[in-house]
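Below is one structure, written out as structure tokens; comments come after it.
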There are 2 protein chains.
Amino acid sequence: MTVESTMAKRHTSIIGGNACRNRSHNRRVVLDFVRANEPAGRAEIARSCGLSVQAVSNIIESLEHDGLLQADGHRLGARGKPALQYRFDPDRAFSVGVELRPDVAMCALINLSGEMIFWEQSELADASLSCAIEAVSNLVNRAISASGRDQKSWLGTGIVMPGPFGVSEISFAGGTSLPGWDNVDIRRVFSEALGCEVIVENDATAAAISERMSGVARGLDSFCFVYFGTGLGLGVISGGHAQGGAMGNAGEIGHVITASGGLSCACGNRGCLEMYASRASALRYLSDSGVAAANGNDLSALLRENSPVLSSWLDRAAEHLSRAIGMVENLLDPEAVILGGVMPEPIVAALVARLDLPRGSVSNRKDRTIARVLQGSSGRHTAAMGGAAMIVHQTITPSITVYS
Amino acid sequence: MTVESTMAKRHTSIIGGNACRNRSHNRRVVLDFVRANEPAGRAEIARSCGLSVQAVSNIIESLEHDGLLQADGHRLGARGKPALQYRFDPDRAFSVGVELRPDVAMCALINLSGEMIFWEQSELADASLSCAIEAVSNLVNRAISASGRDQKSWLGTGIVMPGPFGVSEISFAGGTSLPGWDNVDIRRVFSEALGCEVIVENDATAAAISERMSGVARGLDSFCFVYFGTGLGLGVISGGHAQGGAMGNAGEIGHVITASGGLSCACGNRGCLEMYASRASALRYLSDSGVAAANGNDLSALLRENSPVLSSWLDRAAEHLSRAIGMVENLLDPEAVILGGVMPEPIVAALVARLDLPRGSVSNRKDRTIARVLQGSSGRHTAAMGGAAMIVHQTITPSITVYS
DNA sequence: ATTTTTTACTCAAGTAACTTGAATTAAATA
DNA sequence: TATTTAATTCAAGTTACTTGAGTAAAAAAT
């Protein structure tokens, strides 16, 4: 299969700057600062962003004109003229995220703060491209009208799908990717169908970005998200930006080997993590032991009943996950590793509780302020919200990496 | 294991731009383009960098004035007025890199193209800070005078040391880090002692940057370097920049577990890669089998003699390395993984030849243009050269991440 | 109660570095 | 030899920044 990855490598040069691009950059810098430190006055912003007060004043005037910032009273209590404070107006614009799976499309509409304004999902008749396009269009249109938003303030749509793209061995193994979408420029197709800016990303990365915007990863600039989806994915955020790797396929943690000579996986390896710690592996383990379970609800029920079979699966899964998380820590040195996805939250909690992380890890430090592993906050909404969050992130966050 | 929500404060703000910073950025953009595509004319540069010809003309005038670019004849053969081509002048400036190990300091002086102009190493009487500072100062001064360079064109010095930093469990295990250097701001100490800009980096990352500037990774923007040093490290380059992780300790591949329940490692884990695939592990394996070997030369000699014991160590090491490289591929999706370091090159070659990489990897693609694993080119000079290369990289490469 | 200090902000002028469009140059081709 | 094509320069225009002087207003000092 030759899937044209939308994130394929291009031979590009880094682009130069000019006054106009500079202003665009500075707008983002100011917006990003206010969002993180609101309310904030001009002088404070100028000091933090390395700009003159006058420059900030001009930029704020333009942001206020666009409705992205609003004045919000004066700061009293300090010496000197009271600063006129500005706040970010999170409802001035919105974005939409859609998570596509072979059988279902899930849609989230969020504001600029990452709050979910609308949620809906719809079953897909089949996994064909045309069917998906129609379902996505319907969902998106309904989301916008139901939430009473103006199309004018629509920043774009993030489409979230299981990866990896362009790797036949893994894609077909276990059907983690969507079949029959070969040679499709997914970004362009959806951009044309929806008439808006579109970003395509895999579920784990989108989930990570969602957690950073409005979940447990708020304030973290380097962390990883282990996403329980159809398979198992890892979203990697480093320096505040998603790491895609050379072909956009970074984070394929499901096929990392945690048991040399272990269970055979369809990808050709033996002992892949996905064979031990994924929804499919849980269902398989239970059915092999004669326990009926078809979906997440069944798993939750078994957990409530203290099913010994589920418990032994949890033990084994936690053992393999611990090993994999140790690898991730040692290779990527994240501030924390977050667990979440479409797995029921009590199951994730049970896994987190059973983890026994390796001592020999760069993350095993005395001076930690947060736990090495955290549970994700947004449940099954995470990935779709993450798609939307990516659009917001792109709009607000400056892409320059110069720090003061 | 506790789960807690996080709300970390924002330490740094991204800085705004102005005309002056813009020019500085554009100078780097142009320099970076010419270095990668020389010789190049103004119009060509302008098209690629998204700038007007006039802007490029002005920037080139200034770069030429500073001696960083030189005109180099006209491009003939095409229609239209022949472009005046410019070349990068690699000998207009230089930088120095020093690799520090507990017993030795190695010094490389390179030009802007990454060519090694001077090399010298000196034994360290002990591993104390004062001893290291003196040795480094002497080495650096001798390097500059011996290569006949002007101090004025000295861009800075890269200090390379084994990591990780600040992780007691791993640092003290096997003595991979330098003892007694706790709580020292190494960068500041050396910057004051040498009177120049200083960067401190671990050996694996430095080696990776060196390979990118003047080795087998030329032209690659995302790749990893497995470095055989005192222990085993991984340098990660993504998007052309080194990935350090949250605490600068990313790439600690030596303590990734490749054999569940395997050999006990001093870090507290069992089955660490470093126990199977490192110089120390080879020497230990040989001595346990009654074969005398004390250093790299002995290993090379045993390889030439087709030592069966060494051969069986190679087989086992390659097996574990293959597994680890598979992990790295799946987690980071690099364009290639490079092997090198202070291990003798024939040994590295033998290891590469014995690798049996997992099929289930995102790197196992039909359309590959380079091998999944490459052997590093610069031998034991790599890390010191990498330190120097990091300084050059910082001077030349723009840190903005906007592509055309 | 008044003055002084301190800080935030605005106005107007000045400046750096970009873009644009017209003019110039020179090789390749007709 | 004339024409086409493309690179480069010149001069003018534009954007968005900085600087410095001036104004405003609250807190602190008198």
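The model shown is predicted, which means the values in this text are computed figures rather than measured ones. Naming: A, B, ... by sequence-line order, numbering from 1 per chain.
- With the nearest nucleotide of DNA chain C identified for both A:Pro82 and A:Arg21, A:Pro82 has the one nearer the 5' end.
- Applying the side chain to side chain donor-acceptor pair (under 3.5 Å) rule to B:Asp32 yields the partners B:Arg35; only residues at least two apart in sequence or on another chain are considered.
- For B:Arg212 (side chain) and B:Leu220 (main-chain N/O), a donor-acceptor pair under 3.5 Å exists by modelled atom type.
- For A:Ser57, the side chain to side chain donor-acceptor pair (under 3.5 Å) test picks out A:Arg42, with sequence neighbours left out.
- In this structure A:Ala208 satisfies the side chain to side chain contact (heavy atoms under 4.5 Å, CB included) test together with A:Phe223, A:Phe225, A:Ile237, sequence neighbours excluded.
- Sorted by first then second residue, the salt bridge (charged side-chain N to carboxylate O under 4.0 Å, His left out) pairs that include residues 64-74 of chain B, not counting sequence neighbours, are B:Arg27-B:Asp66, B:Asp72-B:Arg87.
- Comparing A:Gly80 and A:Asn26 by the nucleotide of DNA chain D whose heavy atom lies nearest to each, the residue mapping closer to the 5' end is A:Asn26.
- Put simply, the side chain of A:Ser62 never gets that close to the backbone of A:Asn58: no donor and acceptor are under 3.5 Å apart.
- With a heavy-atom cut-off of 4.0 Å to chain A, the contacted part of DNA chain C has its first and last nucleotide at C:dT5 to C:dT19.
- Note on the helix from C:dA1-D:dT30 to C:dA30-D:dT1: terminal axis deviation equals 0°, with five pairs used at each end and the result rounded to 10°.
- By the side chain to side chain contact (heavy atoms under 4.5 Å, CB included) test, B:Ala388 pairs with B:Ser95, B:Ile110, sequence neighbours left out.
- Between the side chain of A:His393 and the backbone N or O of A:Gly386 there is no donor-acceptor pair closer than 3.5 Å.
- Looking at residues two or more places apart in sequence or on another chain, you find a side chain to side chain donor-acceptor pair (under 3.5 Å) between B:Ser377 and B:Glu211.
- Across residues 52-67 of chain B, B:Val53, B:Gln54, B:Ser57 each have a non-hydrogen atom less than 4.0 Å from an atom of DNA chain D (numbered order).
- Partners of A:Arg47 under the side chain to side chain contact (heavy atoms under 4.5 Å, CB included) rule, at least two apart in sequence or in another chain, are A:Ala43, A:Glu44.
- When atom types are taken as modelled, the side chain of B:Glu197 and the backbone of B:Ser191 share no donor-acceptor pair closer than 3.5 angstrom.
- By the neighbour-count criterion of 12 heavy atoms within 6.0 Å, atom CZ of B:Arg188 is sparsely surrounded, having that number or fewer from other residues, nucleotides or ligands.
- First and last contacting nucleotides of DNA chain D toward chain A (any atom under 4.0 angstrom from a heavy atom, 5' to 3' order): D:dT15 to D:dA28.
- Counting any heavy atom pair closer than 4.0 Å across all strands shown, B:Arg47 reaches sugar-phosphate atoms only and no base atom.
- The side chain to side chain contact (heavy atoms under 4.5 Å, CB included) test applied to A:Ser153 returns A:Ala93, A:Phe94, A:Asp150, not counting sequence neighbours.
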